[in-house]
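Working notes, beginning with the structure itself.
In what follows, every heavy atom counts, from backbone to side chain, and hydrogens, waters and symmetry copies are set aside. Predicted model only: the values in this text are computed from it and were never measured. Numbers here are sequence positions counted from 1.
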Amino acid sequence: MQRTPFDPMALQPQDLDSAWRVTKAIFDARVYPQFPNRESILVAILDAHERGVPVGAALRNAYVVKGKLGWSAGYLAGLVLASGRADYFELIPEACDALSASVRFKRKGRHEGRHTFTIEDARKAGYFSSGMWEKEPRAMLRAAAIRTAARAYFPDVVSGMYMPDELRGAPVDDDSSAADV
């Protein structure tokens, strides 16, 4: 018996009807409990499709908070890198601790940039209303540094995308105007 190569993209919905049909299986499986209904799964699938991201990758990184779609920091960083607009976009390990986290990045054709997010920035933004900031401040600082750097310096890639801690707490401020891109 001859085997045919597996094409993972063949499993991606190709139109709205097929996307809606796949939401039933995904919702019924209950493997993505962050989605309260099929409609929220469909929105994540449509957003992923628009960005050229496979359904599974989007569903593993999307969250519904207060009726809005939020995304993981890793997903935002991945979008920046996959966009082809960055030579690199990465945390600086030696510049990440319990008080701050820093990202270094380079937009194609530009000089290297660095962005730091501090615990004081988080306090001013009101993020400590989320329990995760109390429990895991280092992880939350790293995520916030990624988010704010991506939004400020790659707004053409991630503008309008928020993370769950932003949606849970303080009003969301799209700081894409912070950089001249």
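Residues S102 and A145 share a closest heavy-atom pair of N-CB, 4.4 Å. Between A44 and L69, the shortest heavy-atom contact is CA-CD2, 3.9 Å. The minimum heavy-atom distance between S83 and A86, with the atom names listed, is OG-N, 4.5 Å. Summarising the geometry of D47 relative to M161, their closest heavy-atom pair is OD1-CE, 4.3 Å, with the distance given to 0.1 Å.
The list of side chain to side chain donor-acceptor pair (under 3.5 Å) pairs with a residue in residues 54-63, not counting sequence neighbours, reads N61-S72. Within the structure, ring pair (Phe, Tyr, Trp, His ring centres under 6.0 Å) contacts touching residues 11-52 (residues at least two apart or in different chains) do not occur.
Proximity of T148 to H115: side-chain heavy atoms (C-beta onward) are separated by under 4.5 Å at one or more points. Using a 4.5 Å cut-off on side-chain heavy atoms (C-beta onward), I119 and P137 make contact. Under the 4.5 Å side-chain criterion, counting only non-hydrogen atoms from C-beta, H111 is not in contact with K106. Side-chain contact check for D156 versus R85: some heavy-atom pair is nearer than 4.5 Å.
At distances below 3.5 Å, at least one donor-acceptor pair connects side-chain atoms of Q34 with backbone N or O atoms of A62. Counting only distance, with no hydrogens or angles, the side chain of K24 and the backbone of D28 share no donor-acceptor pair below 3.5 Å. Checked by atom type and distance alone, the side chain of Q12 pairs as donor or acceptor with a backbone atom of V55 at under 3.5 Å. Between the side chain of E136 and the backbone N or O of L141, no donor-acceptor pair lies under 3.5 Å.
Looking at D17 and R21, no side-chain N of the basic residue comes within less than 4.0 Å of a carboxylate O on the acidic one, giving no salt bridge.
Using bins of under 30°, 30° to 60° and over 60° for the plane-to-plane angle, the ring pair F105/F154 lands in the perpendicular bin.
Shown here are the side-chain hydrogen bond (donor to acceptor under 3.5 Å, both in side chains) partners of D97, two or more places apart in sequence or in another chain: there are none. Residues satisfying the side-chain contact (heavy atoms from CB on, under 4.5 Å) criterion with A48, sequence neighbours excluded, are V53, A58, Y75. The side-chain hydrogen bond (donor to acceptor under 3.5 Å, both in side chains) search around T23 returns R38, not counting sequence neighbours. Applying the side-chain hydrogen bond (donor to acceptor under 3.5 Å, both in side chains) criterion to R142, with sequence neighbours excluded, gives no partner residue.
In this structure, Y153 has its ring center no closer than 6.0 Å to that of F89.
By the rule that hydrophobic residues join a cluster once side-chain heavy atoms approach within less than 4.5 Å of another member, L99 and Y127 end up as members of one cluster. Under the 4.5 Å side-chain contact rule for hydrophobic residues, V22 and L42 do not share a cluster.
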